[in-house]
Trainee: 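The structure is given below, and queries will be raised subsequently.
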Amino acid sequence: MNLYDELTWRGLVYDATDGLADAFAGGRVTAYIGFDPTASSLHIGNLLGLVTLARLQQYGHAPIAIAGGGTGMIGDPSGKSQERTLLTLDQINANLDGIRPQLAQFLDFNRPDNPARVVNNADWLASFDLLGFLRDTGKYFTVNYMLQKESVNRRLESADGISYTEFSYLLLQARDFLELFERYGCTLQMGGSDQWGNITAGIELIRKVHAKKAHGLVTPLVTTASGAKFGKTEAGTIWLDASRTPVQEFRQFWLNTDDRDVIAYLKFFTFLERADIDDLDALVKGAPEKRNAQQVLADRVTTLVHGAEDATRAESANAVLFGASTLTDDVADAASLADSLLAIAEDVPSTAIDGAAFDGSGISIVDVVARVIGVSKSEARRLVQQGGVSVNDRKIADANARLTRADAIDRRVFLLKKGGRQRFVIRLT
RNA sequence: GGCGAGGUAGCGAAGCGGUCAAACGCAGCAGACUGUAAAUCUGUCGCCCUAGCGGCUUCGAAGGUUCGAGUCCUUCCCUCGCCA
């Protein structure tokens, strides 16, 4: 299968310029995607672009990831209904330091024919002088053209309007494409569907300045069947940085994927081939409760982002945490169960509590829940009373209940469950 | 600068001077049902406790009127619209 057909099969082609398939077929294409340094870590909303760049490289094309140190100074109005808060230069630089290695992780810099590049557009954008920019870049665009862009137009109609700063953003991103075209022969820009306007502006600029044809390809917005925003959970954004989103939690996110989404995600985010994905598709349809596709998705994506070692650790930690740990009173079993829970404590949400607190009359369940889960006592009490809390697989619905050392598994560890999918290990010290 | 509208819990949006911790919707959380899925139904959704017709802090900010203010008055701040 050629690259264009593969991208199409995977559902990654939301829109593309005419002739892109021929361009792929005609030889090595240099392509880029820009990433905004809005935070010190990328999140899974950026993942589709990263994986797509990697896919491109596998087919022998040359990927460039732009870390948007320059455009980040301005703020892309695309997909935003409100003016953005400007980041300080210090913040941007700190964020760039965080995301650069993440970008690099997905790409191969050592391929002799098509090495990857990570570049910072501040390298050229920051050094433009205003008059020069207006003459060299601004002159190529009519305001009429810019006003027609969806990102601008929507904001014109909104009550908040759009600042001159963000209005200018389009020119900067167009300039990026031109710059990469000139420096590296880059002829393709990719991005999410909200980037189409920015991308076509760059294509226009290259056509006007060099009379050359450049291409654009945008991927669809990743959606969830339930209508929730992709990449967000009750806990917030799913980050690629393990210090922000622990590997175990990252893996859980993928494991909890809706049946209706899982095949699409496998196509988007993994390198599995068509036959394998078709097999999984059949499994989802035939035996959805086995969650085979979700398992594979979780394993593949976690391995891709965090490496095989951490992915395996997360998998085994979750196996213990969610395993059918029938908590018996058998002393030998208790000891081994306690051992296995303590062994995974570092990889899962866990809290250490001074064991002495459990002596005598012990600690109230509400206090334990509030402390371990990190909610107010009112909320902890509510959780308990609504039957949402169990300790060592025993539901505790009495808000006045207390936990003592004797309640602990082998007198040294508790397994606390909140609702159906949140579990915490409590170590007595 | 002038005129007008408005600022209420994460968001949206009600709210005759008393029974307003504040209707309702969304999001969230929990329960039932399940498959660590979805849908549906139910409950819940400021904080604290000795858990009660309990206490405390909230309705842009500060003052004031009143036995009592989200609701009235004054000043200030902010947002939006129209006009200059």
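Computed from heavy atoms alone, side chains included, the values below leave out hydrogens, waters and symmetry copies. So that the names make sense, note that chain A is the first sequence line, chain B the second, and so on, each numbered from 1.
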Trainee: Between B/A14 and B/G6, how far apart are the P atoms? Round to whole Å, please.
Mentor: 10 Å
Trainee: Each nucleotide in nucleotides 47-57 of chain B should get exactly one letter: B, S or -. Can you fill that in based on protein heavy atoms under 4.0 Å?
Mentor: SBS-B------
Trainee: Taking only side-chain nitrogens and oxygens of A/K418, does any of them come within less than 4.0 Å of OP1 or OP2 of B/G31?
Mentor: no
Trainee: Could you tell me whether A/R412 and A/D339 make a salt bridge, using a distance below 4.0 angstrom between a side-chain N and a carboxylate O?
Mentor: yes
Trainee: Given the P atoms of B/A27 and B/U42, what is the spacing between them in whole Å?
Mentor: 15 Å
Trainee: In whole Å, measure the gap between the P atoms of B/A69 and B/G18 for me.
Mentor: 12 Å
Trainee: Map A/E289 and A/G387 onto RNA chain B by nearest heavy atom, then report which one ends up closer to the 5' terminus.
Mentor: A/G387
Trainee: Counting only Watson-Crick or G-U wobble pairs whose two distances fall under 3.5 Å, which nucleotide matches B/C82?
Mentor: B/G2
Trainee: Provide the distance between the two P atoms, one in B/U34 and one in B/C53, to the nearest whole Å.
Mentor: 37 Å
Trainee: Determine, for A/F271 and A/R55, whether the Lys NZ or Arg CZ falls below 6.0 Å from the six-membered ring centre while staying within 45 degrees of the axis.
Mentor: yes
Trainee: Taking pairing as Watson-Crick or G-U wobble with both contacts under 3.5 Å, can you name the mate of B/A61, or confirm there isn't one?
Mentor: B/U75
Trainee: What distance do A/I199 atom CD1 and A/L188 atom CG have between them, rounded to the nearest 0.5 Å?
Mentor: 8.0 Å
Trainee: For A/D259 and B/U34, what is the distance between atoms CG and P respectively, to the nearest whole Å?
Mentor: 16 Å
Trainee: Would you mind reading off the distance between A/Q422 atom CD and B/G28 atom C1', rounded to a whole angstrom?
Mentor: 12 Å
Trainee: Is there, by distance only and without an angle test, a donor paired with an acceptor across the side chain of A/Q386 and the base of B/G43 below 3.5 Å?
Mentor: yes
Trainee: Tell me whether the rings of A/F269 and A/Y265 are parallel (<30°), tilted (30 to 60°) or perpendicular (>60°).
Mentor: perpendicular
Trainee: Under 4.0 Å, counting only non-hydrogen atoms across every strand here, what does A/L255 touch: a base, just sugar-phosphate, or nothing?
Mentor: base
Trainee: Mind checking whether A/D136 and A/F133 have side chains closer than 4.5 Å, heavy atoms only?
Mentor: no
Trainee: For A/G388 and A/R251, find the nucleotide of RNA chain B closest to each by heavy atoms; which residue's nucleotide sits nearer the 5' end?
Mentor: A/G388
Trainee: In whole Å, what is the span from the CG atom of A/L383 to the P atom of B/A30?
Mentor: 7 Å
Trainee: For A/S41 and A/R244, test the side chains for any donor-to-acceptor distance below 3.5 angstrom and give the result as yes or no.
Mentor: no
Trainee: Take atom CG of A/L283 and atom C1' of B/A37, then tell me their distance rounded to the nearest Å.
Mentor: 15 Å
Trainee: Heavy atoms from C-beta onward define the side chain here; which of B/A38, B/G35, B/A32 lies closest to that of A/K395?
Mentor: B/A32
Trainee: Kindly list each side-chain donor-acceptor pair under 3.5 angstrom involving residues 356-372 of chain A, sequence neighbours excluded, with atom names and distances?
Mentor:
{"residue": "A/D359", "atom": "OD1", "partner": "A/R405", "partner atom": "NE", "Å": "3.2"}
{"residue": "A/S364", "atom": "OG", "partner": "A/V366", "partner atom": "N", "Å": "3.2"}
{"residue": "A/S364", "atom": "OG", "partner": "A/D367", "partner atom": "N", "Å": "3.2"}
{"residue": "A/D367", "atom": "OD1", "partner": "A/K377", "partner atom": "NZ", "Å": "3.2"}
{"residue": "A/R371", "atom": "NH2", "partner": "A/A352", "partner atom": "O", "Å": "3.4"}

Trainee: For A/D261 and B/U36, what is the distance between atoms CG and P respectively, to the nearest whole Å?
Mentor: 18 Å
Trainee: Would you mind pulling out the nucleotide paired to B/C41, Watson-Crick or G-U wobble, both distances under 3.5 Å?
Mentor: B/G31
Trainee: Rounded to the nearest Å, what distance is computed from the NZ atom of residue A/K417 to the P atom of nucleotide B/A30?
Mentor: 14 Å
Trainee: In whole angstroms, how far is the P atom of B/U36 from the CD atom of A/Q248?
Mentor: 16 Å
Trainee: Provide the distance between the two C1' atoms, one in B/C73 and one in B/C49, to the nearest whole Å.
Mentor: 38 Å
Trainee: According to the Watson-Crick and G-U wobble definitions, with both distances under 3.5 Å, which nucleotide is paired to B/C24?
Mentor: B/G12
Trainee: Counting only distance, no hydrogens or angles, is the base of B/U36 paired donor-acceptor with the side chain of A/Q294 under 3.5 Å?
Mentor: no
Trainee: Strictly under 6.0 Å, is that where the ring centroids of A/Y59 and A/F24 end up?
Mentor: no
Trainee: Quick check on the 6.0 Å ring-centre criterion: do A/W239 and A/F250 meet it?
Mentor: no
Trainee: Using atom C1' in both nucleotides, what's the gap between B/G12 and B/G2 to the nearest angstrom?
Mentor: 32 Å
Trainee: C1' atom, B/G60 versus B/C24: distance in rounded Å?
Mentor: 23 Å
Trainee: Could you tell me how far B/U8 sits from B/C20 if I compare only their C1' atoms? Round to whole Å.
Mentor: 12 Å
Trainee: For B/U66, which nucleotide is its Watson-Crick or G-U wobble mate, given both distances must be under 3.5 Å?
Mentor: none
Trainee: Round to a whole Å and report the spacing from CD1 of A/I373 to C1' of B/A30.
Mentor: 11 Å
Trainee: What does A/D258 touch in the nucleic acid at a heavy-atom separation under 4.0 angstrom: a base, only the sugar-phosphate, or nothing?
Mentor: sugar-phosphate
Trainee: State the pairing partner of B/G52; accept Watson-Crick or G-U wobble contacts with both distances under 3.5 Å, and report none otherwise.
Mentor: B/C49
